Amino acid sequence: MQHRRSAGLALALGSAASFGVSGIVASSMLEAGWSSGAVTLVRIGGGAIALAVPTLWLLRGRWGAVLRSWKEVLVLGLMAVALCQLAFFSAVAYISPALALLIEFLGPVLLVGFGWATTRRVPPGLTLVGAAVAVVGLALVSGIGGDALHPLGVLLALGAAVGNAAYWTAASSTTTELPPVALAGLGLAVGAVALGVAAAIGVLPIALSGAPVVLAGETVPVWVAVAILVLVATAAAYVLGILGARRLGQTLASFVGYAEPMFGILWTALLLALLPTPVQALGAAAIIGGVVLVKLGQARVPTHAVHATPVHPVAEQVPGSAPGD
């Protein structure tokens, strides 16, 4: 069990590090003339294409497993990918991106509350304390300021938080028969179709550019940025996240996901030589401390209670609401 947890922690951290690359790459593409909708659609669609061949290979002769796992696929594709992305980018039209990110990353806290409400079992005290400490750390890392709270922006960001929670629920499911790569590939495919429909009806504005982009101070062809965004920040990130979540369980894996903005700061420091502020460093320490407390709290929970709850309660509880930024 300890070896499984250690491997799961390494995979979850690898996922957070991969997701953390997306900020720098997406920013460079936005500066080159891309719209956020175009970046999102190319990222998700490209990730689906990148995983198409291994997904089809793994599912040969096993298409019945896809039918039996349709809930996980739809929750991952529609809620964790498509609606989460749409809700987040809609929210930043009303509130700051830092605040929207903070609200979106309340997904793990929603999972703790959902488990509490459905099982009637009070989470361990260390888990609750760790959740509070990690959220405070995330606020410090995000660098939120004194922006006014627009009700619609907050509501949309909460939709993204539901999508974030849905990602960890689908990723950590112990009932699906789908391999992690296949689940990620199918989920991204469903998400890409949904985002494509949103783009076609004008909900997701699309503006592309073939201009070179600047990455780490170097001007590179746009296809380099797209390749990094698709292969590292999407395909690899989702697969590693699912692998880690299945070993750690949804609660611990989701809180390890708080490392994503920390890795974003790390990549910014390494590639752009922009060092984090003392407040951000304090926030990073708080996130680490919070995750450790959650891990200690989960260690006191019986093994059968650590596994993920079925996916369908999340989808039914908040129909139509919005992952895994």
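Predicted model, so just to flag it, every value in this text is computed and none were measured.
Counting non-hydrogen atoms of other residues, nucleotides and ligands closer than 6.0 Å to CH2 of Trp63 gives a total above 12.
No donor-acceptor pair under 3.5 Å is formed between the side chain of Tyr258 and the backbone N or O of Ala134. With Trp168 contributing its side chain and Gly107 its backbone, the two residues share no donor-acceptor pair below 3.5 Å. The backbone N or O of Leu231 sits nowhere less than 3.5 Å from a side-chain atom of Thr234 that would complete a donor-acceptor pair. Not a single donor-acceptor pair under 3.5 Å links the side chain of Ser173 to the backbone N or O of Ala170. Under the 3.5 Å distance criterion, the side-chain polar atoms of Ser69 are left unmatched by any main-chain donor or acceptor of Val66. Looking only at distances, no side-chain donor or acceptor of Ser15 sits under 3.5 Å from a matching main-chain atom of Leu11. Panel note: side chain Ser172, backbone Ala245; no donor-acceptor pair is recorded below 3.5 Å. In terms of modelled atom types and a separation under 3.5 Å, the side chain of Arg246 and the main chain of Leu243 share no donor-acceptor contact. A donor-acceptor pair under 3.5 Å links the side-chain atoms of Arg43 to the main chain of Ala233, judged by distance alone.
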As a quick check of understanding, evaluate side chain to side chain contact (heavy atoms under 4.5 Å, CB included) for Val181 and Leu51, giving each step before the final call. CA-CA 7 Å; Val181 172; Leu51 294 178; 4.3 Å; yes
Carefully, step by step, assess Met262 and Ile288 under the rule side chain to side chain contact (heavy atoms under 4.5 Å, CB included). CA-CA 10 Å; Met262 293 168 50; Ile288 295 173; 3.7 Å; yes
Could you please spell out the steps behind the side chain to side chain contact (heavy atoms under 4.5 Å, CB included) verdict for Ile206 and Leu208? CA-CA 7 Å; Ile206 301 296; Leu208 302 171; 4.3 Å; yes
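The shortest side-chain heavy-atom distance between Val112 and Leu128 falls under the 4.5 Å cut-off. Proximity of Pro124 to Thr127: side-chain heavy atoms (C-beta onward) are separated by under 4.5 Å at one or more points.
Hydrophobic clustering (ILVMFWY, side-chain heavy atoms < 4.5 Å, transitive): Val53 and Val190 are in distinct clusters. With hydrophobic clusters built from ILVMFWY side chains whose heavy atoms lie under 4.5 angstrom apart, Ile49 does not share a cluster with Leu186. Residues Val135 and Trp116 share a hydrophobic cluster, clusters being chains of Ile/Leu/Val/Met/Phe/Trp/Tyr side chains in contact below 4.5 Å. Placement of Val193 and Leu178 in two distinct hydrophobic clusters is found when ILVMFWY residues are connected by side-chain heavy-atom separations under 4.5 Å, directly or transitively. Using a 4.5 Å cut-off between side-chain heavy atoms of Ile, Leu, Val, Met, Phe, Trp and Tyr, with links allowed through other members, Val154 and Phe89 fall into the same hydrophobic cluster.
Residue Tyr238 holds its OH atom at 12.0 Å from OG of Ser18, rounded to the nearest 0.5 Å. Rounding to the nearest 0.5 Å gives a distance of 10.5 Å between CG of Leu83 and CD of Gln85. How far OG of Ser36 is from CZ of Phe88: 9.5 Å, rounded to the nearest 0.5 Å. In this structure, CH2 in Trp70 is found 6.5 Å from CG in Leu74, a value given to the nearest 0.5 Å. In this structure, Phe105 CZ and Asn164 CG are separated by 6.0 Å, a value rounded to the nearest 0.5 Å. The CD atom of Glu260 sits 10.5 Å away from atom CD1 of Ile287, with the distance rounded to the nearest 0.5 Å.
When all heavy atoms of Gly241 and Tyr167 are compared, the closest pair comes out as CA-OH, 3.4 Å. Between Gly153 and Tyr94, the closest heavy-atom pair is CA-CB, 3.7 Å. When every heavy atom of Ala194 is checked against every heavy atom of Ala82, the shortest pair comes out as CB-CB, 3.7 Å. Heavy atoms only, all atoms of each residue included: Cys84 and Glu104 are closest at SG-OE2, 3.5 Å. The nearest pair of heavy atoms linking Ala38 to Ala207 is CB-O, 3.4 Å. In terms of heavy atoms, Ala26 sits closest to Val39 at CB-CG1, 4.0 Å.
Judged by distance alone, the side chains of Thr175 and Glu72 do bring a donor and an acceptor atom under 3.5 Å apart.
Partners of Arg62 according to the salt bridge (Lys or Arg N to Asp or Glu O under 4.0 Å) rule, which considers only residues two or more places apart in sequence or in another chain, do not exist here.
Sorted by first and then second residue, the side-chain hydrogen bond (donor to acceptor under 3.5 Å, both in side chains) pairs with a member in residues 177-202 read Arg68-Glu177; sequence neighbours excluded.
Of the residues Leu9, Val133, Val256, the one that meets the side chain to side chain contact (heavy atoms under 4.5 Å, CB included) test with Val291 is Val256.
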Contacts under 3.5 angstrom, residues 211-229 side chains, donor-acceptor by atom type, not counting sequence neighbours:
none

